[in-house]
Structure formats: structure tokens, C-alpha cells
Protein chains: 2
Amino acid sequence: MKVTIKDVAKLAGVSKSTVSRVLTNSDNCSERARQKVLEAAEKLNYKPNALARAMITKKTGNIGLIIYQKHKPILSHPFYAPIVEAIVDTSRKKGYSLFIASDQDINASSAELLLEKRVDGIIFASFIDPSIVLKYKNLGVPLVLLNNSVDIEGISYVTCDNYLGAYKAVNYLVQKGHTYIGFLCGPLQHRSYTERYKGYVAALEDNGIKVQEDLIRIGESTLSDGNRLMNQLLHSTRIPTAVFASNDMMAIGAIKAIKKKNLNIPRDIGVIGFDDIEFGTLIEPALSTVHVDKTKMGELAVELLIDEINKNTSTSKKNIIPTEVIIRESS
Amino acid sequence: MKVTIKDVAKLAGVSKSTVSRVLTNSDNCSERARQKVLEAAEKLNYKPNALARAMITKKTGNIGLIIYQKHKPILSHPFYAPIVEAIVDTSRKKGYSLFIASDQDINASSAELLLEKRVDGIIFASFIDPSIVLKYKNLGVPLVLLNNSVDIEGISYVTCDNYLGAYKAVNYLVQKGHTYIGFLCGPLQHRSYTERYKGYVAALEDNGIKVQEDLIRIGESTLSDGNRLMNQLLHSTRIPTAVFASNDMMAIGAIKAIKKKNLNIPRDIGVIGFDDIEFGTLIEPALSTVHVDKTKMGELAVELLIDEINKNTSTSKKNIIPTEVIIRESS
DNA sequence: GGCAAAAATGGGAACGTTACCAGCAATTCT
DNA sequence: AGAATTGCTGGTAACGTTCCCATTTTTGCC
């Protein structure tokens with residue numbers, strides 16, 4: 001554990017400069033020296049100390065993923081989990097090690113910590129306060145926003161096309177003859193939900209359908225809130241013939257509520273969700289939804305961050321992954 | 001970004017030794033000096049360089065989580081995701097930063113990398129080759145095994161009580177009058193599945209029921225394999241009246257297969273799974289299963305690792321979390 | 001074989017921190 | 001009052017690398 005470059009140098013009979021050259025760049029060194037060094041390193045089971053290296057190169061080869069976590073399940077949330085998985089895989093593939101942290105406070109204290117540890121860059125997933133983004137941006141920290149966007153010039157982000165996805169979903173329901181469509185909406189502080197909200201409104205208006213306030217129910221993006229809000233709709237004077245939920249968890253909660261009322265899906269009420277989480281296919285009826293390529297989002301976030309680290313501005317900073325409606329049994 | 005301890009010292013009018021003392025231990029320094037240093041640090045927005053600190057203290061405050069990933073979804077697997085979430089949370093609570101890596105090869109190459117980065121310890125989740133464990137153990141690396149155990153003296157691990165959980169589940173089925181009980185089994189290389197296998201066999205034998213080879217179907221621990229293996233059982237000459245699946249994903253696959261045959265659950269065939277993943281409650285019928293406290297497993301793994309790092313041997317090295325049968329609708 | 005150019009090498013500084021030790025001032029004790 | 005103890009302080013040496021530059025060795029050419 002304590003074998004250093006000096007030990008390798010001594011055994012190989014060269015200077016530590018030479019060892020360093022062989023082990024890093026390998027240019028400007030003789031074949032004879034290379035062999036001796038490699039042999040010695042192997043024999044001593046030498047592992048370079050990445051800390052010491054980072055001290056002088058100013059690159060740790062580490063990046064951070066920070067997920068803002070207001071509600072408990074976030075890493076294990078069926079929407080984020082595949083994204084995180086993709087980030088883990090892509091980081092490794094690109095030669096970076098990954099710190100993962102989740103923040104409960106909005107001040108991004110994990111970010112401070114990771115910055116002390118000198119990560120090369122940070123991915124902020126889910127919600128983040130724009131002022132925090134601006135602060136780090138001004139500090140020159142390479143960063144990428146994931147599933148959240150901010151109107152600050154020069155900030156890279158990856159989102160999916162929330163607006164168009166919602167628009168297409170609602171438009172589909174209208175094409176199917178629905179005119180009285182409920183909307184179970186997640187918290188509007190989160191940009192993705194405001195976009196989905198706008199998509200819902202626009203689709204109705206473009207089809208000449210008046211937007212009704214009491215069809216729109218806003219709550220947390222959880223199964224239980226989906227259930228609760230759907231029950232509200234089911235107990236209103238006029239029951240919608242279809243419901244668009246701004247995420248699948250809410251949609252699943254809604255389905256539970258509808259089935260409990262002994263109403264048939266999709267005959268009595270059609271349901272369509274958003275996110276395309278894995279378990280949407282397992283419930284009955286299988287959930288119609290808006291597909292989001294979560295793996296792609298994770299991959300892209302890492303690639304964008306690495307571009308940011310390398311000041312490679314060739315790639316576009318703003319990436320909006322297309323979304324598409326998937327019709328299964330619930331609509 | 002480039003403000004160092006030296007800058008703080010200059011502004012505060014003291015030596016860098018004093019600054020270091022104030023910022024780390026804060027013992028043996030005057031109140032006057034402390035104030036000046038704290039003020040200067042604040043003013044300059046000084047952030048200590050954790051790399052330089054780690055160089056000399058030999059402690060990075062970082063730990064690594066390595067998940068062996070033979071099949072694609074692992075981090076986003078409904079069993080592992082809550083464990084990982086608990087590990088993230090607990091690490092932060094205990095003041096450690098967490099690297100997460102997943103390994104596709106069994107040689108644990110991520111471990112090598114993390115060791116170069118001088119993590120203070122490593123949690124190995126899921127399967128790992130005992131020879132790798134032994135190698136790192138001998139190297140003196142603090143490590144903890146999670147959801148896997150190895151018969152090597154002095155290795156800490158956290159598992160759940162696979163044997164007893166399986167035993168109790170099968171015993172329950174027997175008490176309900178079943179005597180011809182199928183078993184959908186995950187890969188036996190993984191220790192948790194061999195334990196569950198043993199529990200199945202023991203429960204039958206203790207009840208005087210002969211273990212029938214053709215009732216036991218071994219495959220991957222996936223939904224699709226659960227489906228496939230269940231179909232095999234459904235097409236055999238004698239169809240079991242109940243099925244025990246060694247994990248919930250297989251159980252859900254089995255339920256799909258049974259329902260497709262238009263058989264009733266639990267009337268025609270009872271099903272019981274293992275793991276208690278979230279979505280077991282959402283399918284129909286709600287899945288009976290063996291509950292595993294995944295959050296506890298994650299927490300304990302981190303705590304054990306930190307004990308290991310601090311050479312604190314007061315806590316038990318072998319932690320087996322109790323499991324309990326939860327009966328819902330499928331049995 | 002001599003000389004210039006190129007290639008390879010080694011020594012030391014640097015990265016930013018903490019650990020160690022010696023020194024100095026202030027306080028306490030006899 | 002002098003000695004002993006205590007509390008603070010600053011200088012310097014680490015930690016293990018890579019970078020820079022000067023030096024040595026090799027190569028290429030006539």
C-alpha cells in the first residue's frame with residue numbers, strides 16, 4: 001500500500017522522472033527503460049497515487065452527481081434510477097469516477113463538499129435553485145443540469161421534450177373523442193411539470209376545447225397523491241372521460257382509484273401517464289404513457305459534462321430528448 | 001478557485017500553521033487568532049483542498065460502492081435501488097463521500113481504480129469472487145460485503161436471512177394445505193439463492209414432503225425467466241398448486257404466466273415471492289412475499305465499513321437482517 | 001571521427017495541506 | 001525573584017506525484 005514511484009525508480013535503476021514518463025505519456029523514453037520500469041512496477045504491485053497526481057495536474061478524473069431530494073425515494077425512483085444507472089455506466093466508459101450525493105436542502109451543500117474534493121465537474125439532477133447554478137457558473141465550475149433547465153446563458157442541460165410529449169398525449173385523447181380531460185399535475189416549481197402543463201393547455205386550445213380549472217389538480221408527483229387527486233375528480237359533479245397524469249406514478253395512483261370505483265379503464269375513463277417507467281407495463285391495464293429515453297438522458301449528461309470540462313464547445317449545450325406517446329391498454 | 005491556506009494566513013496576519021490549526025482542530029489557539037482566521041477565510045471564500053489534506057492525513061473521507069453487474073438493470077433494480085439510496089444517505093450522514101461504480105467483469109477492476117484514488121474503504125454489493133475478497137483483505141483494505149457472504153475469517157458482511165425467509169414462506173404454503181409446491185429459483189452461484197434453495201428444501205422435508213426435482217426450475221432472476229419457468233411448470237403433467245419464487249421479479253413473471261392461462265390466483269395457484277419490492281403491492285393480485293429491510297441493509301453496510309476503517313471491532317462483523325413473510329393477495 | 005541535432009535522463013521545484021518541533025511569551029508555583 | 005509549566009505560535013519537513021530545465025547520451029550525417 002505504501003510503495004511509491006521512488007521505490008519503482010530504485011528497483012528499475014532509473015530516476016522517478018523516468019518512471020513517471022513511462023507510466024503516463026510514454027513518449028521520449030527508451031524501450032529499455034520502459035521495460036525495466038514496467039517490470040519493476042509489476043513486481044512491486046505499484047499503484048500510482050491519484051491524489052498526488054491530481055495535486056499537480058489539477059484533474060482528479062472524478063465527477064459528481066447531485067440529486068436534489070425533496071421527497072424520499074429519488075435514487076430508487078423508477079424514473080431516476082435508470083438515469084443514474086446510465087450515468088454510472090457512461091462515466092466509467094469515459095474514464096471518470098463518479099461521486100453520487102443527494103441533497104435535501106436547496107443550498108447544495110453536497111456541491112460544496114465535492115468541490116473541496118476537487119471534482120472536475122458536477123451534474124445537477126432534478127430541481128436546483130437558479131442562484132446556485134449562477135454561483136457555480138461564475139466560479140467556473142463545469143456543470144450540467146439534468147431534467148431541469150434554467151434560463152442562464154451558457155448553461156448546459158439535458159431534458160426531455162416535456163411540452164411536446166404532453167401535447168401529443170392530450171392531442172391523442174382528443175382525437176379519440178375525449179373533450180373533458182382531467183389533468184393530474186406535479187408541483188409547478190419543477191420546470192418539467194410547468195412544461196407538461198403548458199402542453200396540456202395548448203393541446204386543448206388548439207383543438208378548440210376550453211380549459212377548465214377544476215379539471216386540473218395539482219399535487220406531489222407521487223402515487224398516493226395521484227390517487228388522492230383522482231378521487232377528487234371522481235367525486236366532482238362531472239367526471240372526466242379521460243385523465244392525463246404528468247407522471248406515471250400519479251397515473252398508477254389514478255388507476256387504483258378508478259378501479260376501486262369499479263369503473264372500467266379505458267371504457268369509462270382513459271388514462272395516460274408520462275415517463276414510461278418499467279412498471280407501467282406490469283399493472284393492469286398496462287399504462288399508456290409518454291416515453292422518455294432515460295438511458296439517453298444519463299449518457300448525454302455525462303458527455304455534455306465532459307465536453308464542458310474540456311472546454312469543448314462543439315456540442316450543443318441544450319439537449320432536448322424527443323418524447324413519444326406509447327399507447328397500451330389504459331387509453 | 002485558487003485561494004490557498006497561504007492567502008488566508010497572509011490576510012489574517014498569521015502563519016499557515018495557525019490557519020490549519022483553527023480550521024481543523026481548533027485546539028491550542030487563541031480566540032483572537034481564531035477570529036482573524038475565520039474572518040479572512042470567509043472573506044476570501046477559502047475552500048480547503050481535500051486532496052492536499054488527504055495526502056498527509058492518509059484519509060480521503062471517501063468510500064466506494066461497487067456493484068457487480070452481470071445483467072443490465074442493477075442500480076435501477078427495485079431490490080438494489082433502495083439499498084443504494086440508503087447507502088448514499090448514510091454515507092453523507094456519517095461525513096463520507098461516496099463513489100459508485102458497477103463492474104461487469106468479475107475481476108473488480110473498478111476496485112483497482114478506486115484504490116488508486118485512495119478510498120478509505122469499499123462496499124462490494126451483489127456477487128464477488130472470494131479470491132478478490134481475499135486479495136483485498138490481505139492488502140488491508142477495509143471492506144464490507146453486501147447481500148453476499150464469503151467464508152473468510154474476519155470479513156464483514158450484511159445479508160438478510162435468506163434461509164429462514166424461504167423456510168417460513170414455504171412453511172406457510174404447506175400450512176395452507178399445499179403439498180405440491182413449485183420453486184422458481186435464481187442462479188445458484190449467488191449465495192442468497194442457494195440459501196433460499198436450502199430453505200425451500202428444509203421446509204418441505206420438515207413437513208414430511210418429498211422434494212421433487214421437476215418442481216424446481218432454475219433460471220436468471222428476471223421477470224422474463226420467471227415467466228418462462230412458470231410456463232414450463234404449467235405445461236408439465238402435474239401442475240403445482242402453489243409456487244415459491246426466489247425473488248419478486250420472477251414471481252411477477254410467474255403471475256403473468258398464470259393469468260395468461262386464465263387460472264385464478266390464489267385459488268388455482270398460490271404465489272409467493274421474496275424481496276418485497278415496491279411494485280409487488282401494485283400488481284394484481286398484490287404479491288405475497290418475504291420482506292427484506294433494504295434500507296437497513298444499506299445503512300448497516302456503511303456503518304460496518306466505517307467501523308472497519310476505524311478498526312473499531314466492537315460491532316459484530318456478521319449481520320443477518322431478519323426476514324418476515326408478508327401475506328397479501330397472491331397466496 | 002567529429003560535430004550538430006535529437007533523444008533520453010535526472011535533479012529539483014511545485015502542488016496545498018498537516019505534523020512535528022523548537023521557541024517565545026505569559027502564567028503559575030515555590 | 002527565579003524556575004517550571006503552560007499556551008500559542010511559526011518554520012520546516014513531509015505526502016507522492018508531474019513539470020521544467022539542464023545535462024548526458026545517442027543518433028545521424030558528411
Side-chain angles (χ1 to χ4, degrees), chain A residues 1-41 44-62 97 112-120, chain B residues 1-41 44-62 97 112-120:
Chain A
M1 217 58 215
K2 38 167 33 156
V3 38
T4 76
I5 201 170
K6 225 170 167 177
D7 302 314
V8 177
K10 198 189 287 180
L11 182 61
V14 296
S15 72
K16 56 197 172 80
S17 304
T18 303
V19 176
S20 173
R21 262 188 297 263
V22 170
L23 263 34
T24 54
N25 259 326
S26 74
D27 60 331
N28 277 16
C29 53
S30 66
E31 194 53 38
R32 201 167 47 88
R34 152 178 287 104
Q35 286 307 327
K36 281 192 298 179
V37 167
L38 257 31
E39 212 170 279
L44 295 174
N45 192 29
Y46 168 70
K47 299 274 174 271
N49 184 326
L51 299 175
R53 170 177 292 163
M55 278 282 291
I56 94 124
T57 60
K58 308 283 185 193
K59 295 275 173 200
T60 54
N62 301 335
S97 298
E112 290 293 317
L113 190 59
L114 290 187
L115 251 23
E116 286 190 12
K117 301 216 164 155
R118 301 302 192 257
V119 291
D120 295 341
Chain B
M1 220 56 218
K2 41 173 24 160
V3 38
T4 76
I5 202 171
K6 225 171 169 175
D7 302 313
V8 177
K10 199 189 287 178
L11 181 62
V14 296
S15 73
K16 56 196 174 83
S17 303
T18 303
V19 176
S20 173
R21 260 188 299 262
V22 170
L23 265 34
T24 55
N25 259 330
S26 71
D27 61 332
N28 278 14
C29 53
S30 65
E31 195 53 37
R32 200 168 47 88
R34 152 178 288 106
Q35 286 307 329
K36 282 192 299 181
V37 167
L38 256 31
E39 211 172 279
L44 294 174
N45 191 28
Y46 168 69
K47 299 273 173 273
N49 185 325
L51 298 175
R53 169 177 292 164
M55 279 282 292
I56 93 124
T57 61
K58 307 284 185 192
K59 293 277 175 200
T60 54
N62 301 333
S97 298
E112 289 293 317
L113 190 59
L114 290 188
L115 252 22
E116 286 189 11
K117 303 216 163 155
R118 298 305 191 254
V119 289
D120 295 340

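Worth saying up front: this structure is predicted, and the values here are computed from it rather than measured. Labels below follow one simple rule: chain letters A, B, ... track the order of the sequence lines, proteins then strands, and each chain is numbered from 1.
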When the distance from CE of B/Met55 to P of D/dT18 is rounded to whole Å, what number comes out?
-> 11 Å
Does OP1 or OP2 of D/dG16 have a side-chain N or O of B/Lys58 closer than 4.0 Å?
-> yes
Within this structure, what is the CZ-to-P distance between A/Arg32 and C/dA8, rounded to whole angstrom?
-> 11 Å
Does any non-hydrogen side-chain atom of B/Thr60 lie less than 4.5 Å from one of B/Leu51?
-> no
Using a heavy-atom cut-off of under 4.0 Å over every strand shown, decide if A/Ala33 touches base, sugar-phosphate, or nothing.
-> sugar-phosphate
Along DNA chain D (nearest heavy atom to each residue), the more 5'-positioned of B/Ala52 and B/Glu31 = B/Glu31
Rounded to whole Å, the CG-P distance (B/Leu51 to C/dT18) equals 12 Å
Test log, rule salt bridge (charged side-chain N to carboxylate O under 4.0 Å, His left out), inputs A/Lys36 and A/Glu39 = CA-CA 5 Å; A/Lys36 281 192 298 179; A/Glu39 212 170 279; over 6 Å; no
So what does B/Ser30 hit on the nucleic acid, given a heavy-atom distance under 4.0 Å: a base, only sugar-phosphate, or nothing?
-> sugar-phosphate
Quickly work out the A/Ile5 CD1 to C/dG12 P distance and round it to whole Å.
-> 17 Å
For B/Gln35 and D/dC8, give me the distance from atom CD to atom C1', rounded to whole Å.
-> 16 Å
Angle by which the axis turns from one end of the helix from C/dG1-D/dC30 to C/dT30-D/dA1 to the other, five pairs per end, to 10 degrees | 40°
Whole-Å gap separating C1' (D/dC15) and CD (B/Glu116) | 17 Å
Output the single nucleotide from C/dT18, C/dT9, D/dG16 whose closest atom is nearest the side chain of A/Arg21.
-> C/dT9
Assign B/Thr18 to base, sugar-phosphate, or nothing according to its heavy-atom contacts below 4.0 angstrom with the strands shown.
-> sugar-phosphate
Chi angles and distances behind the side-chain contact (heavy atoms from CB on, under 4.5 Å) call for A/Val19, A/Val14 | CA-CA 7 Å; A/Val19 176; A/Val14 296; 3.8 Å; yes
Could you list the residues that satisfy salt bridge (charged side-chain N to carboxylate O under 4.0 Å, His left out) with A/Glu112, not counting sequence neighbours?
-> A/Lys135, B/Lys47
Between B/Ser15 and B/Ala9, the two heavy atoms sitting closest are C-CB, 3.8 Å
Between B/Val3 and B/Asn45, is a side-chain contact (heavy atoms from CB on, under 4.5 Å) present by the stated rule, with each step listed?
-> CA-CA 8 Å; B/Val3 38; B/Asn45 191 28; 5.8 Å; no
Residue pair A/Pro48 / B/Arg118: nearest heavy atoms and the distance that separates them = O-NH1, 3.7 Å
Counting heavy atoms not belonging to B/Lys59, are there more than 12 under 6.0 Å from its NZ?
-> yes
Please report, rounded to the nearest Å, how far the P atom of D/dT9 is from the CZ atom of B/Arg34.
-> 10 Å
Do we see a donor-acceptor contact under 3.5 Å between the side chains of B/Lys117 and B/Asn62?
-> no
Of the candidate nucleotides C/dT18, D/dC19, D/dG16, which contains the atom at the shortest distance from the side chain of A/Ser17?
-> D/dC19
Rounded to the nearest Å, what distance is computed from the CG atom of residue A/Asn49 to the P atom of nucleotide C/dG16?
-> 16 Å
Would you tell me whether A/Ser20 and A/Ser17 have side-chain atoms, one donor and one acceptor, within less than 3.5 Å of each other?
-> no
With a 4.0 Å heavy-atom cut-off, tell me which residues in residues 8-16 of chain B come close to DNA chain D, sorted by residue number.
-> B/Val14, B/Ser15, B/Lys16
